[in-house]
Engineer: 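I have a structure I would like to understand better, so I am pasting it below and will then ask my questions one at a time.
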Amino acid sequence: MATRHFLTLLDLSPVELRDIIHRAIALKKSPALREETLKNKTLAMIFEKSSTRTRVSFEVAMNQLGGSALFLSPADTQLGRGESIEDSAKVLSRMVDVITIRTFEHARLELFARHSRVPVINSLTDDFHPCQLLADMQTFFEHRGDIAGHTVAWVGDGHNMCQSYINAARQFDFELVIACPEGFDPDEHMLQANKDRVRIVRDPATAVAGASLVATDVWASMGQEEERRLRIQKFTGYEVTAELMSQARPDALFMHCLPAHRGEEVSAGVLDANDSVVWDEAENRLHAQKALLEFMCATR
């Protein structure tokens with residue numbers, strides 16, 4: 001049986017994804033359910049990008065489930081000294097039970113997974129951030145029930161988070177309206193493959209109208225810091241403000257994967273408002289990843 005990986009949301013079926021969400025909610029409500037389900041299991045964490053929520057949530061998740069986690073940065077491993085991705089994958093996957101990778105090019109993650117004999121989890125690439133979407137979906141389920149049939153508005157850059165929302169729209173059966181400036185669209189092939197439920201507009205108010213969830217992210221992601229000044233100019237008018245949120249449904253939620261730049265992509269008032277669930281969203285990285293780790297280790 002081929003090793004299963006979690007590189008995008010499309011690697012699992014809609015039923016499997018919902019099962020993970022419901023398990024995450026149960027683990028959050030009842031800590032007694034942990035029962036050391038990952039006792040004697042080891043997670044290797046290869047991080048080529050800095051992290052707060054991702055690193056802490058994965059390490060704590062393994063600890064709470066009775067396993068252990070190894071943090072591996074390029075400065076600490078032979079990957080940083082020129083060992084090939086293929087060779088590193090073959091060696092590490094003979095020693096640990098599951099591997100999560102946070103890197104730049106998505107192709108590097110795919111190459112590693114092809115040569116790994118244990119499950120590989122994408123903890124962020126330039127193209128996708130599926131673990132964050134598990135937490136986002138869990139948060140919506142907790143506050144509003146199943147997201148199927150709802151409308152979600154994405155306001156901002158069509159980058160990895162936006163592209164993960166496109167996959168989520170397909171897997172969780174909701175409509176996605178993306179508001180982004182010209183030149184910052186998500187992948188055209190992804191848009192075409194999901195044109196029955198995903199569309200792009202240029203006006204944020206149009207995107208948000210009638211939405212049950214409004215989500216955004218920083219305008220300059222890791223590796224784009226030199227572009228920040230230009231991006232701030234290009235994204236003028238795309239800040240999620242209280243006025244913009246008023247165009248959504250009265251019970252609409254606001255999400256942001258954090259860290260946030262208050263006064264840029266989101267106003268401080270929106271980030272701290274009652275309909276903002278960003279802190280639940282951040283906490284749910286822990287619980288969603290516990291459920292995901294259980295699932296991936298069980299499929300070996």
Side-chain angles (χ1 to χ4, degrees), residues 49-50 52-53 104 124-129 132-133 136 139 150-169 174-192 194-195 197-250 252-279 281-282:
K49 287 187 174 185
S50 58
T52 298
R53 280 152 291 277
F104 293 89
L124 182 138
T125 66
D126 289 345
D127 291 342
F128 300 102
H129 197 0
Q132 181 65 57
L133 262 293
D136 288 13
T139 305
H150 286 269
T151 297
V152 176
W154 175 267
V155 181
D157 194 0
H159 61 358
N160 51 8
M161 277 296 297
C162 179
Q163 293 187 161
S164 290
Y165 262 97
I166 293 175
N167 283 340
F174 60 81
E175 180 185 3
L176 177 65
V177 187
I178 301 166
C180 60
E182 290 188 22
F184 297 91
D185 293 0
D187 179 79
E188 180 62 27
H189 295 292
M190 292 188 67
L191 291 173
Q192 288 301 315
N194 296 280
K195 60 184 179 181
R197 64 178 71 252
V198 178
R199 60 189 174 95
I200 287 185
V201 299
R202 301 303 175 194
D203 176 28
T206 300
V208 167
S212 300
L213 168 62
V214 179
T216 190
D217 191 11
V218 294
W219 293 337
S221 299
M222 283 180 284
Q224 300 173 332
E225 287 80 8
E226 294 182 2
E227 304 176 27
R228 187 177 178 192
R229 183 174 298 179
L230 173 63
R231 282 173 169 263
I232 289 175
Q233 295 174 354
K234 293 285 187 180
F235 282 86
T236 298
Y238 284 82
E239 179 183 358
V240 180
T241 61
E243 181 180 0
L244 185 64
M245 286 295 297
S246 71
Q247 304 300 309
R249 287 171 53 100
L253 301 175
F254 172 76
M255 292 190 192
H256 190 307
C257 62
L258 303 177
H261 294 151
R262 295 167 185 254
E264 287 187 15
E265 75 276 3
V266 59
S267 69
V270 168
L271 197 66
D272 297 323
N274 290 334
D275 54 9
S276 170
V277 290
V278 297
W279 315 119
E281 183 186 3

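We count residues from 1, following the sequence as given.
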Engineer: On a heavy-atom basis, which atom in A169 and which in V198 lie closest, and how many Å separate them?
Structural biologist: CB-CG2, 4.2 Å

Engineer: Should we count CD of E182 as having more than 12 external heavy atoms under 6.0 Å?
Structural biologist: no

Engineer: Considering only heavy atoms from C-beta outward, does the side chain of L191 approach that of I200 to under 4.5 Å?
Structural biologist: yes

Engineer: If you look at every heavy atom in P186 and C180, which pair is closest and at what distance?
Structural biologist: CD-SG, 4.4 Å

Engineer: Less than 4.5 Å apart, any side-chain heavy atom of R262 and any of L271?
Structural biologist: yes

Engineer: Which is it for S212 and V152 under the side chain to side chain contact (heavy atoms under 4.5 Å, CB included) test, yes or no, and what are the steps along the way?
Structural biologist: CA-CA 6 Å; S212 300; V152 176; over 6 Å; no

Engineer: Taking the side chain as everything from C-beta on, heavy atoms only, tell me whether D157 gets closer than 4.5 Å to R231.
Structural biologist: yes

Engineer: Check whether N194 reaches the backbone of R197 with its side chain - one donor and one acceptor, N or O, closer than 3.5 Å.
Structural biologist: no

Engineer: Quick check: do F184 and Y238 have side-chain heavy atoms less than 4.5 Å from each other?
Structural biologist: no

Engineer: State the CG-CE distance between L124 and M161, to the nearest 0.5 angstrom.
Structural biologist: 9.5 Å

Engineer: Any side-chain heavy atom of V214 within less than 4.5 Å of one from M255?
Structural biologist: no

Engineer: Give a yes or no on whether the backbone of T139 and the side-chain of E281 come within a donor-acceptor separation of less than 3.5 Å.
Structural biologist: no

Engineer: Under the 3.5 angstrom rule, does the side chain of S164 hit a backbone N or O of N160 as a donor-acceptor pair?
Structural biologist: yes

Engineer: On a heavy-atom basis, which atom in F235 and which in P181 lie closest, and how many Å separate them?
Structural biologist: CE2-CD, 3.4 Å

Engineer: To the closest 0.5 Å, what do you measure between CG (D127) and CG (D187)?
Structural biologist: 7.5 Å

Engineer: Considering only heavy atoms from C-beta outward, does the side chain of F128 approach that of L133 to under 4.5 Å?
Structural biologist: no

Engineer: Output, in order, the C-alpha distance, side-chain angles, deciding distance and verdict of salt bridge (Lys or Arg N to Asp or Glu O under 4.0 Å) for D126 and K49.
Structural biologist: CA-CA 10 Å; D126 289 345; K49 287 187 174 185; 2.8 Å; yes

Engineer: Do we see a donor-acceptor contact under 3.5 Å between the side chains of D136 and Q132?
Structural biologist: yes

Engineer: Nearest 0.5 Å, please: how far is CE in M190 from CD in Q192?
Structural biologist: 12.5 Å

Engineer: Relative to each other, are the rings of W154 and H159 parallel, tilted or perpendicular (30° and 60° limits)?
Structural biologist: tilted

Engineer: Whether the side chain of T206 engages the backbone of R202 through a donor-acceptor N/O pair (distance < 3.5 Å, no angle test) should be reported.
Structural biologist: no

Engineer: Measuring from L258:CG to D217:CG, what's the distance to the nearest 0.5 Å?
Structural biologist: 8.5 Å

Engineer: How long is the gap from CD on E227 to CD on Q233, to the nearest 0.5 Å?
Structural biologist: 12.5 Å

Engineer: Evaluate the side-chain proximity of C162 to I178: yes if any heavy-atom separation is below 4.5 Å, no if none is.
Structural biologist: yes

Engineer: Does some side-chain heavy atom of E239 sit less than 4.5 Å from a side-chain heavy atom of E265?
Structural biologist: no

Engineer: Looking at V155, is its backbone amide N or carbonyl O close enough to the side chain of T216 to form a donor-acceptor pair, meaning the two atoms are under 3.5 Å apart?
Structural biologist: yes

Engineer: Going by ring-ring contact (aromatic ring centres under 6.0 Å, His included), name the residues that satisfy it together with F254, two or more places apart in sequence or in a different chain.
Structural biologist: none

Engineer: Got a donor-acceptor contact below 3.5 angstrom from the S267 side chain to the T241 backbone?
Structural biologist: no

